[in-house]
Amino acid sequence: MQVQEQVSLAELTTLQVGGPARRLVRAQTPEEVVETVAAADAAGEPLLLIAGGSNLLIGDAGFDGTVLHVATRGISSREVGGQVHVQAGAGEPWDTVVAFCVRHGLAGIECLSGIPGSTGATPIQNVGAYGQEVADTIASVRAYDRATGEGVELGPEQCGFGYRSSAFKGSSRYVVLAVEFALERSSRARAVRYAELARALSAELGELPALADAREAVLALRRAKGMVIDPEDPDSVSAGSFFLNPVLAGDAFAALRERALARLGDGVKVPAWTEDDGRVK
């Protein structure tokens, strides 16, 4: 565990800005993460967790407390009832996990390629893109419960996943230590559900493209939008995609569509996806 004082936080964020941390702790094991969090909580000290540093903007004044840099790494896999479970440390870069799975012929997260940030952040936001989200494959989340001071393992039903949301979001109770994903052994990607991706693959919606082709197509789409972190591309310095599509009740969407047709003409198409509960995104 490495401890430093008055360290610039700019190098730890994708926006590459941010003042100093009064105290910076780099934790490379789950035990070091728990030790640092518990000590800060016991002392009543302000605590900020950083891993991949995306979706984060730090002011020039920095942070007057302990900044915990979660640098826990490691990817492992095991067979579980016909599936392959892949576990990754919270500090493992997310795209490294996706690349590992594609390389080993494991389908389920290939459309989440190129997303900045760490693996431990993915269940918090229920990260998703191009028709996939991590809630589709998360088998469990290992975390430290700051309320009880104990380690816990949470199943999907306890994570409260929703559209870019979870039980973790907006709460500081849990510190994610590792995430386990249940994936399918296959050389083919999951069915294409996103029209833009289907066009990039010259495929129809519902087709099962090659796993590597799906990953490369997603990376190309994201790269064209400046959304793949690249030291050689100044346009890629961003906080990632953090917007949400509005979700409306069925009747509210129908009224919206009527207004659009009245204003823009019968040829207008309002992009929409129906959720399981009948609401429309």
Using side-chain heavy atoms (C-beta onward) and a distance below 4.5 Å, is V247 in contact with Y163?
yes

Could you tell me whether the side chain of F161 reaches within less than 4.5 Å of the side chain of P123, counting heavy atoms only?
yes

Sub-4.5 Å side-chain heavy-atom contact between L197 and L221
yes

Output the distance between atom CG (L56) and atom CG (L9), rounded to the nearest 0.5 Å.
8.5 Å

Shared hydrophobic cluster for I138 and V102 (ILVMFWY, side-chain gaps under 4.5 Å)
yes

When you compare the side chain of E133 with that of Q125, does any pair of heavy atoms fall below 4.5 Å?
no

Residue list, salt bridge (Lys or Arg N to Asp or Glu O under 4.0 Å) with D145, at least two apart or on another chain
R173

Side chains of L12 and L24 in contact at under 4.5 Å (non-hydrogen atoms):
yes

Any V84 side-chain heavy atom under 4.5 Å of E79 side chain:
yes

Side chain to side chain contact (heavy atoms under 4.5 Å, CB included) for V141 and C159? Distances and angles first, verdict last.
CA-CA 8 Å; V141 174; C159 294; 3.9 Å; yes

Any link between L261 and V280 through a network of hydrophobic side chains (Ile, Leu, Val, Met, Phe, Trp, Tyr) touching at under 4.5 Å?
no

Compare all side-chain heavy atoms of V70 with those of S118 and state whether any distance is below 4.5 angstrom.
no

Does L47 have any side chain to side chain contact (heavy atoms under 4.5 Å, CB included) partners at least two apart in sequence or in another chain, and if so, which?
V37, A40, L49, T66, L68, R146

Quick one: side-chain hydrogen bond (donor to acceptor under 3.5 Å, both in side chains) pairs with a partner in residues 96-110, sequence neighbours left out?
E110-Q132

Answer yes or no: is there a side-chain heavy-atom contact under 4.5 Å between R78 and Q87?
no

What's the shortest heavy-atom distance between V97 and A88, and which atoms?
CG2-CB, 3.7 Å

What do you reckon, is CZ of R257 surrounded by more than 12 foreign heavy atoms closer than 6.0 Å?
no

Please determine whether side chain to side chain contact (heavy atoms under 4.5 Å, CB included) holds for the pair Q28 and Q2, giving the CA-CA distance in whole Å, both sets of side-chain angles, and the decisive distance to 0.1 Å.
CA-CA 9 Å; Q28 296 181 305; Q2 184 181 12; over 6 Å; no

Evaluation steps, side chain to side chain contact (heavy atoms under 4.5 Å, CB included), between T36 and M1:
CA-CA 9 Å; T36 303; M1 185 161 59; 3.3 Å; yes

Let me confirm one number: the CD-OG1 distance from E32 to T72, rounded to the nearest 0.5 Å.
10.0 Å

Please check this pair: side chain of K281 against backbone of L248, looking for a donor-acceptor N/O pair closer than 3.5 Å.
no

Separation between SG of C111 and CG of L219, rounded to the nearest 0.5 Å:
10.5 Å

Verdict with reasoning, W94 to F181, per ring-ring contact (aromatic ring centres under 6.0 Å, His included):
CA-CA 12 Å; W94 171 244; F181 303 88; 5.5 Å; yes

Supply the atom-to-atom distance Y174 OH to L154 CG, rounded to the nearest 0.5 angstrom.
5.5 Å

In terms of side-chain heavy atoms, does R26 have a donor or acceptor partner in Q4 at a distance below 3.5 Å?
yes

Nearest heavy-atom approach of G19 to I58 is N-CG2, 4.1 Å

Cluster overlap V127 with I124, hydrophobic side-chain contacts below 4.5 Å
yes

So F253 and T274, side chain to side chain contact (heavy atoms under 4.5 Å, CB included) or not? Walk me through it.
CA-CA 10 Å; F253 173 72; T274 301; over 6 Å; no

Minimum heavy-atom distance between T119 and T122, given as atom pair plus value
O-OG1, 2.7 Å

Exercise: identify the closest heavy-atom pair between S236 and D233
OG-O, 2.8 Å

Could you tabulate the donor-acceptor pairs under 3.5 Å formed by side-chain atoms of residues 206-217, not counting sequence neighbours?
{"residue": "E207", "atom": "OE2", "partner": "E204", "partner atom": "N", "Å": "3.0"}
{"residue": "R215", "atom": "NH1", "partner": "D95", "partner atom": "OD1", "Å": "2.9"}
{"residue": "R215", "atom": "NH1", "partner": "S113", "partner atom": "OG", "Å": "3.0"}
{"residue": "R215", "atom": "NH2", "partner": "D95", "partner atom": "OD2", "Å": "3.1"}

Considering only residues two or more places apart or on different chains, which pairs with a residue in residues 51-76 satisfy salt bridge (Lys or Arg N to Asp or Glu O under 4.0 Å)?
R22-D64

What are the two closest non-hydrogen atoms of V134 and L112, and how far apart are they?
CG1-CD1, 3.7 Å

Interatomic distance, T13 atom OG1 to N55 atom CG [nearest 0.5 angstrom]:
11.5 Å

Test of understanding: clusters of I, L, V, M, F, W, Y form through side-chain heavy atoms closer than 4.5 Å, transitively. Do V25 and V7 belong to the same one?
no

Value for CD (E180) from OG (S77), rounded to nearest 0.5 Å, stands at 10.0 Å

In the single-linkage hydrophobic clustering (I, L, V, M, F, W, Y; side-chain heavy atoms under 4.5 Å), do V98 and V176 co-cluster?
yes

With a 3.5 Å distance limit and no angle check, can you tell me whether Y144 reaches the backbone of A38 through a side-chain donor-acceptor pair?
no

Pairing residues for Y194 by the ring pair (Phe, Tyr, Trp, His ring centres under 6.0 Å) criterion, not counting sequence neighbours
Y130

If you compare all heavy atoms of C101 against all heavy atoms of L183, which two are closest, and at what distance to 0.1 Å?
SG-CD1, 3.4 Å

